[in-house]
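One structure is given below, encoded as structure tokens.
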Amino acid sequence: MPSLREVQTGLARALTDASAVEVLPWVDGAGLGPVRRLHLYRNNARATLAGALADVYPVVRRLVGDRFFRQVADRYAREVPSGSGDLHAFGDAFPELLEALGETRELPYLPDVARLEWACHEVLYGADHGPLAPASLAWVPESQWGLLRFRLHPASRIMASPYPALRIWQVNQDGWGGAATVDLAEGASQVLVVRPRREVELWPLSPGEHALVGALSEGCTLLHAMDGALSVEPGIDGSGSLTRLVAGGAIVEARL
Amino acid sequence: MAAARNGERPGPIPASAGIGLRAPHYHALLETLPPVGWLEVHSENYFGAGGPALAYLEALRAHYPLSLHGVGLSIGSTDPLDPEHLTRLACLVERFEPGLVSEHLAWGSVGGRHFHDLLPLPYTEESLVHVTARVGRVQDRLGQELLLENPSTYLRFTHSTIPEAEFLTEVARRSGCGLLLDVNNVYVSGRNHGFDPRTYLQAVPADRVGEVHLAGFAANRHDDAEVLIDTHDRPVWPEVWALYAETVARLGPRPTLIEWDAEIPPLATLLAEAGRADRILAETRRALAA
């Protein structure tokens, strides 16, 4: 008689590899053979994982089509097993698989669109936080502002792409009423994905703003972060950007 | 439905019909606050640190009793219990003060790999000892009784020696847990394995059953054979309603959940199903009083 451990590892192998046979003699075949009974479970598990990826990556699915998406999703589920009982944690490395695929070379922006979708997914479930209290800056003398360090909203991610990933994401949203095509010549895009209120927001950033937010999120002082932003984008209105980040709720804490 | 007063939350789960709370209904429920007895959620859907799902649940919790129903703890697995999963569940219990907390007699992971499915156990003495110990650990961690649900199964193991109803009864007796009796699952498994669901239902100890589940299934034909799949994507079938009426006549009225997790219908459809369960519960009460 197999141990419980043997049954579970055997069944797990049969779920991931249809040619695994060790579990077959342990399965009661009355009415329907063991192979077909295992097939039912294999299909259920596959559909659940592919469904979870389709929920997180609707734009990627729309761009590559249903059938190809299902193929890639199945491959992902085989190669990058879910490591948590929380299905929301599944799918983080999907952009890397898309990047490695030969078939999607004609859609070079696809991995970045996927990264943007994963960022939205993480931000949707990230911690809530209120805006920066104005009083928390009132006591800082102006001469010390350069030494301030900021904390970004816990539900926020930034990303940059050499492609217009944000525009591609936008035109593929349900209910989008604008032009349905994106000219790849629009070039690079930078995005802050943040949830200062109930819903996820996508803020387009200039290259300098992206550098600014990136440096602030790493704990750099405002002075250092501004220097970095200016070197990327000499014309940047740094104080305007900072005001927008604070007023919009993307920056939630300041300290000296 | 008990209305929220002075910030007090509605308390225990009443012996009436409840519905599974799913995202498409958040807004409509909050706007209309229909008179449904209670709500149940999949615990793992609220494992995030924040976000709209938790905010809606918080708002709805002020108006309805709540039950937490887990699908990912993998109680039957031979892997160690995931301490992070348990911690998140414990945090939800602390925050939302659910009237009931439940999980499945099943496993979903081994060797660290999660299948996100309710996989069947061989019903042996080894499994019984294992599941009993795990249920005990979960109850200790949560400081709360757990209800264990009978799963729908599509295969059985040749070395199983204990009928499922007896297995559940014994886990409940040894661990002190309660049972969540899914009448649809009994029907589905009965048809899939050729046993009489009535024999199964009569073997379940009435005093252990803290909740009943009802849902719809799909029938898949495979050439010469038919397999029922527990899809939760349609109304409860007439034969399951009939079994349900017989079951509550024996058990007495119990909190009864309408589960509908895929192809989610308008809220009104779900409430109509709950209304049907409530009418059966009312008839049961009248019959018991007579």
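Nothing here was measured: the structure is a model prediction, and the numbers come from that model. Below, chains carry the letters A, B, ... as their sequence lines are ordered, and counting in each starts from 1.
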Measure distances from B:Leu118 to the heavy atoms of chain A and classify the residue's part below 4.5 Å as side chain, backbone, both or neither. backbone
Report the option among B:Pro52, B:Ser160, B:Gly76, B:Gly48 that has the most heavy-atom pairs separated by less than 4.5 Å from atoms of chain A. B:Pro52
What residue in A:Val27, A:Leu38, A:Val23, A:Asn44 has the most heavy-atom pairs under 4.5 Å with chain B? A:Val27
Between B:His114, B:Glu226, B:Glu44, which residue shows the highest count of heavy-atom pairs closer than 4.5 Å to chain A? B:His114
Under-4.0 Å salt bridge between B:Asp140 and B:Arg137: no
Let me know if A:Thr9 has heavy atoms under 4.5 Å from chain B in its side chain, its backbone, both or neither. both
Check whether A:Tyr76 reaches the backbone of A:Ala93 with its side chain - one donor and one acceptor, N or O, closer than 3.5 Å. yes
Side chain, backbone, both or neither: which part of A:Arg5 has an atom under 4.5 Å from a heavy atom of chain B? both
Contact part of A:Pro2 toward chain B, heavy-atom cut-off under 4.5 Å: side chain, backbone, both or neither? both
Backbone N or O of B:Ser175 within a donor-acceptor pair of the B:Gln139 side chain at under 3.5 Å? yes
Closest-packed option against chain B by number of heavy-atom pairs under 4.5 Å, given A:Arg197, A:Arg46, A:Arg78: A:Arg78
Bottom line for A:Ala77: the part with an atom under 4.5 Å from chain B's heavy atoms is backbone
Is it the backbone or the side chain of B:Val227 that comes under 4.5 Å from a heavy atom of chain A, or both, or neither? side chain
Tell me if a side-chain donor or acceptor on B:Arg134 pairs with a main-chain N or O of B:Ile75 at a distance below 3.5 Å. yes
Assess the pair A:Tyr41 and B:Phe115: is the distance between their ring centroids shorter than 6.0 Å? no
A:Leu49, part contacting chain B, at a heavy-atom distance under 4.5 Å: side chain
Count the heavy-atom pairs under 4.5 Å between each of A:Ser84, A:Gly51, A:Gly126 and chain B, then report the option with the highest count. A:Ser84
Cut-off 3.5 Å, side chains only: do B:Thr124 and B:His159 have a donor facing an acceptor? no
Is the ring centre of B:Trp237 less than 6.0 Å from the ring centre of B:Phe217? yes
Does any heavy atom of chain A fall under 4.5 Å from the side chain of B:Leu73, the backbone, both, or neither of them? neither
Does any backbone or side-chain atom of B:His42 lie under 4.5 Å from a heavy atom of chain A? Answer side chain, backbone, both or neither. neither
Counting only heavy atoms closer than 4.5 Å, note whether A:Leu87 contacts chain B via side chain, backbone, both or neither. both
Quick check: A:His88 with B:Phe47 (ring centres under 6.0 Å apart)? no
Name the option with the most non-hydrogen atom pairs under 4.5 Å to chain A; the candidates are B:Leu119, B:Val110, B:Leu54. B:Val110
Report which part of A:Ala155 has an atom under 4.5 Å of a heavy atom belonging to chain B: side chain, backbone, both, or neither. neither
Greatest number of non-hydrogen atom pairs under 4.5 angstrom with chain A, of B:Ala225, B:Gly72, B:Gly112, B:Ala49, falls to B:Ala49
Whatever's closer than 4.5 Å to a heavy atom in chain A on B:Thr161 counts as neither
Is the backbone N or O of A:Phe90 less than 3.5 Å from a side-chain atom of A:Ser82, with the two atoms forming a donor-acceptor pair by type? no
salt_bridge(B:Arg88, B:Asp82) N-O dist < 4.0 Å: no
Surrounding CD of A:Glu79 (heavy atoms of other residues, nucleotides or ligands, distance under 6.0 Å), is the total greater than 12? yes
Is the ring pair A:His121/A:Trp118 parallel, tilted or perpendicular, if the boundaries are 30 and 60 degrees? tilted
Given heavy-atom pairs under 4.5 angstrom as the criterion, report whether the side chain, backbone, both or neither of A:Arg198 touches chain B. both
With respect to chain B, which residue among A:Ala89, A:Ala30, A:Ser3 yields the maximal number of heavy-atom pairs within a distance under 4.5 Å? A:Ser3
By salt bridge (Lys or Arg N to Asp or Glu O under 4.0 Å), A:Glu122 pairs with (sequence neighbours left out) A:Arg157
Greatest number of heavy atom pairs closer than 4.5 Å to chain B - which of A:Asp128, A:Asp28, A:Leu4: A:Leu4
Output the option from A:Leu11, A:Val123, A:Leu32 having the highest count of non-hydrogen pairs under 4.5 Å with chain B. A:Leu11
Strictly below 4.0 Å, N to O, side chains only: are B:Glu164 and B:Arg156 in salt-bridge contact? no
Return the option, out of B:Ser74, B:Pro122, B:Gly51, with the maximum number of heavy-atom pairs under 4.5 Å with chain A. B:Gly51
